[in-house]
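The structure under discussion appears below in the form of structure tokens.
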Number of protein chains: 2
Amino acid sequence: METVGRMAGVSQVTVSRALSEPSKVSSETLRRIHEAIRVTGFVPNAIAGALASQRSMLVSALVPSISNIVYASMIAAFNERMRARGYQILLSETGFDLGDEEAFIATHLSRRPDAVLLTGVHHSVQARRMLLAASVPVVEVWDISSTPIDICVGFSHVEAARAAADFAAKAGYRRAACLSAGDERARRRQQAFAEHFERSSGQPVVKAAFDAPATLANGRTGLSRLLQSGFSDGVVFCSSDLLAHGVLVEAHARGLAVPGDVAVIGFGDQDYAAAVEPALTTVRVDREALGAAAAETILSRFRGQQRVENVIDIGFDIIRRGSA
Amino acid sequence: METVGRMAGVSQVTVSRALSEPSKVSSETLRRIHEAIRVTGFVPNAIAGALASQRSMLVSALVPSISNIVYASMIAAFNERMRARGYQILLSETGFDLGDEEAFIATHLSRRPDAVLLTGVHHSVQARRMLLAASVPVVEVWDISSTPIDICVGFSHVEAARAAADFAAKAGYRRAACLSAGDERARRRQQAFAEHFERSSGQPVVKAAFDAPATLANGRTGLSRLLQSGFSDGVVFCSSDLLAHGVLVEAHARGLAVPGDVAVIGFGDQDYAAAVEPALTTVRVDREALGAAAAETILSRFRGQQRVENVIDIGFDIIRRGSA
DNA sequence: CTGTTAGCGCGTTCAG
DNA sequence: CTGAACGCGCTAACAG
């Protein structure tokens with residue numbers, strides 16, 4: 001800035017102002033400064049800016065998995081809103097381990113983010129402490145808690161699973177099975193679905209769970225396991241559309257009719273859910289709305305509104321298509 | 001650090017050293033310093049550290065799409081290597097627009113990353129200029145160029161498409177079609193496949209291209225369009241496994257046998273490629289190896305090795321499965 | 001509208 | 001093995 005200023009015949013401070021508050025600089029000096037910037041190829045140093053202003057314009061986001069479209073699409077929506085206000089996202093993949101998450105939180109906080117987004121409402125004690133000490137807005141997404149660290153935006157996994165169980169019972173299915181992949185929230189849904197369905201139908205619900213992440217192959221294996229366990233002629237509640245899709249493929253390979261021989265309910269309503277054969281009945285979670293709502297609450301905190309609603313339930317919908 | 005030092009009975013400098021070069025501090029002072037850190041809940045300020053040391057420990061990465069598993073899995077591998085060395089990734093989604101990419105590059109460079117990863121080898125003139133001026137290692141991935149900005153790690157899209165065309169011809173297919181989604185590299189592959197197949201078979205290749213990103217639904221629509229255009233009884237070369245999967249679903253819905261009535265070749269070898277019915281014949285690109293190689297070249301630059309090989313071709317493989 | 005001054009919280013010399 | 005002094009490049013007051 002010193003160099004640019006010298007070239008434009010002004011001081012370093014004026015250059016700084018020209019960049020951050022152009023309205024406070026005369027149009028003529030502004031012109032000369034921009035010309036000097038162009039000639040020198042000057043790129044402002046955001047690090048120094050952050051140190052001086054105590055605002056990094058960085059928001060850190062921690063998700064279990066980047067390659068899981070479920071989180072990726074939520075982050076995309078979040079990112080878009082934040083970027084429109086000049087914030088950049090520092091994204092990390094934590095896996096599903098709370099200890100790892102704690103380490104990531106420490107690393108992220110060292111960069112002094114202006115806000116933090118976390119996935120889920122369960123965090124280590126030390127993590128909570130660090131986040132509170134950082135005294136920046138913290139948003140927990142993808143779940144609901146009555147005692148968030150700061151703000152939470154999500155939906156109730158238990159209620160969603162119960163709604164699916166009600167749907168299955170009302171659709172006339174007498175028997176049900178659950179298929180879930182390795183993630184705590186998925187298992188909570190499985191549990192809630194099973195309890196609720198068993199209560200209303202009186203029939204035991206067969207379960208299969210993978211420790212591994214959800215894949216199409218696991219969906220296929222999952223249906224095989226359920227059939228081996230004696231399940232037949234009922235509905236399979238899957239913890240993700242990907243697993244549900246695998247069930248569809250396996251059913252097809254075995255010559256089982258869907259939903260005649262086996263019905264399928266997915267979770268998430270991914271973009272392919274409506275395109276598979278038969279189209280997937282699923283629980284829709286509006287991930288874009290979730291990411292957007294998370295961004296909005298953070299931004300309103302930045303505007304100084306301390307009294308933001310701190311528990312936002314974005315709900316869910318059961319989307320009935322052909323598979324169940 | 002001042003506060004921590006006072007509590008431990010040492011100066012700020014010693015605290016700094018205790019954190020960055022513990023071997024240069026006596027074990028007793030080390031102990032007291034760590035105790036003080038624990039009590040105060042001190043979290044080092046990486047911003048100030050970066051400003052003083054002129055090293056941000058940040059590496060910026062620009063990909064067309066975060067939610068596209070193709071890039072996400074490459075970034076995951078890249079990230080893992082860099083993180084092991086203490087670097088954090090600043091990730092942005094550029095879309096497929098070179099102008100937008102330029103804006104992102106400027107924003108990223110203002111954070112003074114220690115290295116930059118870009119997707120593709122085509123960038124705006126201004127982008128190249130800025131990157132060169134930044135004088136940090138720059139890796140272009142996912143393509144090959146004889147004149148990279150600095151380093152490139154990828155494979156030849158033209159050669160991959162030609163290999164697929166050769167495979168199709170040798171497998172006995174006399175007619176072919178191409179299906180591709182909106183991305184310059186996909187279109188280059190489609191072009192190369194068509195030229196090569198037409199030359200060897202003498203038959204014109206039917207083409208369909210989408211401006212939109214690849215989705216399963218587009219794959220279905222794509223097959224419909226190709227059939228309408230008069231295509232039948234041949235092989236469809238798709239620009240991604242997702243499109244190929246859509247073709248599979250649509251063929252099934254229409255009662256067409258795969259590969260009997262229509263054969264399918266995908267691109268990428270995603271994890272579901274082997275799990276669909278029939279399993280997908282596809283062009284495998286080792287995305288993990290790509291991400292890892294990109295990280296390794298950057299890290300060796302950091303170690304001061306200026307003479308790193310600057311064009312790395314990781315190649316590809318044709319994986320023959322059931323669909324073609 | 002512009003400039004002066006004083007930090008932001010660290011790492012990096014160089015002395016001891 | 002430890003500390004004093006300095007500066008990284010910028011923003012935030014304040015004064016003119």
Side-chain angles (χ1 to χ4, degrees), chain A residues 1-34 36-37 40-58 86 88 106-107 109-114 133-136 302, chain B residues 1-34 36-37 40-58 86 88 106-114 133-136:
Chain A
M1 284 187 171
E2 195 70 56
T3 314
V4 170
R6 216 158 20 224
M7 188 171 293
V10 292
S11 77
Q12 173 263 323
V13 199
T14 306
V15 178
S16 171
R17 256 194 296 255
L19 262 27
S20 50
E21 304 176 283
S23 63
K24 293 191 171 181
V25 176
S26 80
S27 60
E28 169 55 16
T29 26
L30 215 50
R31 202 192 51 68
R32 289 211 312 278
I33 288 172
H34 279 128
I37 287 176
T40 55
F42 169 77
V43 177
N45 186 326
I47 293 180
L51 185 62
S53 68
Q54 306 285 68
R55 295 193 320 151
S56 61
M57 299 303 282
L58 216 53
Q88 257 180 103
T107 313
L109 288 182
S110 77
R111 304 243 174 228
R112 297 296 186 269
D114 292 336
S135 61
V136 293
F302 288 166
Chain B
M1 281 185 173
E2 195 70 55
T3 314
V4 170
R6 221 164 10 231
M7 186 172 292
V10 292
S11 76
Q12 171 264 321
V13 200
T14 307
V15 178
S16 171
R17 259 195 293 257
L19 261 27
S20 51
E21 304 176 284
S23 63
K24 293 192 170 179
V25 176
S26 80
S27 59
E28 170 55 17
T29 33
L30 214 52
R31 201 192 51 69
R32 290 211 311 280
I33 288 173
H34 279 127
I37 287 176
T40 54
F42 169 76
V43 177
N45 186 325
I47 293 180
L51 185 61
S53 68
Q54 307 284 68
R55 296 194 319 152
S56 62
M57 299 304 282
L58 216 54
Q88 257 182 101
T107 314
H108 275 238
L109 287 181
S110 77
R111 304 243 175 226
R112 297 296 187 265
D114 292 335
S135 62
V136 293

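Values below: every heavy atom of this structure, side chains too, minus hydrogens, waters and symmetry copies. Throughout, a chain's letter reflects where its sequence line sits, starting with A, and its residues are numbered from 1. What you see is a predicted model, and the numbers here were worked out from it, not measured in a lab.
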If you compare all heavy atoms of [X] against all heavy atoms of [Y], which two are closest, and at what distance to 0.1 Å?
{"X": "A/R111", "Y": "B/M57", "result": "NH2-O, 3.0 Å"}
{"X": "B/L30", "Y": "B/P22", "result": "CD2-O, 3.9 Å"}
{"X": "B/D114", "Y": "B/V136", "result": "O-CB, 3.6 Å"}

* To do: Show your reasoning for whether side-chain contact (heavy atoms from CB on, under 4.5 Å) applies to A/I47 and A/L51.
  => CA-CA 6 Å; A/I47 293 180; A/L51 185 62; 5.8 Å; no

* Structure fact -> Contacts of A/R6 meeting salt bridge (Lys or Arg N to Asp or Glu O under 4.0 Å) (sequence neighbours excluded), chain-then-number -> none

* Asked: Could you give the distance from CD (B/Q88) to OG (A/S110), rounded to the nearest 0.5 Å?
  -> 6.5 Å

* Asked: Any sub-3.5 Å donor-acceptor pair from A/T29's side-chain atoms to A/V25's backbone N or O?
  -> no

* To do: Say whether, by atom type as modelled, one donor and one acceptor occur between the side chain of A/S56 and the main chain of A/R112 under 3.5 angstrom.
  => yes

Enumerate, atom names and distances included, each donor-acceptor pair closer than 3.5 Å involving a side-chain atom of residues 8-21 of chain B, sequence neighbours excluded.
| residue | atom | partner | partner atom | Å |
| --- | --- | --- | --- | --- |
| B/S11 | OG | B/V13 | N | 3.4 |
| B/S20 | OG | B/S16 | O | 3.0 |

* Hey, what bend do you get for the helix from C/dC1-D/dG16 to C/dG16-D/dC1 if you fit axes on five pairs at each end, rounded to 10°? -> 30°

* To do: Please check the phosphate of C/dT2 (OP1 and OP2 only) for any side-chain N or O of A/T14 closer than 4.0 Å.
  => no

* Structure fact -> side-chain contact (heavy atoms from CB on, under 4.5 Å) filter on A/S53, not counting sequence neighbours, yields A/R55

* Summary of protein contacts for nucleotides 6-14 of chain C, nucleotide by nucleotide, where a base hit scores B, a sugar-phosphate-only hit scores S (4.0 Å, heavy atoms) -> -BBBBBB--

* To do: Tell me, please, the opening and closing nucleotides of DNA chain D, 5' to 3', among those with an atom under 4.0 angstrom from a non-hydrogen atom of chain A.
  => D/dG9 to D/dA12

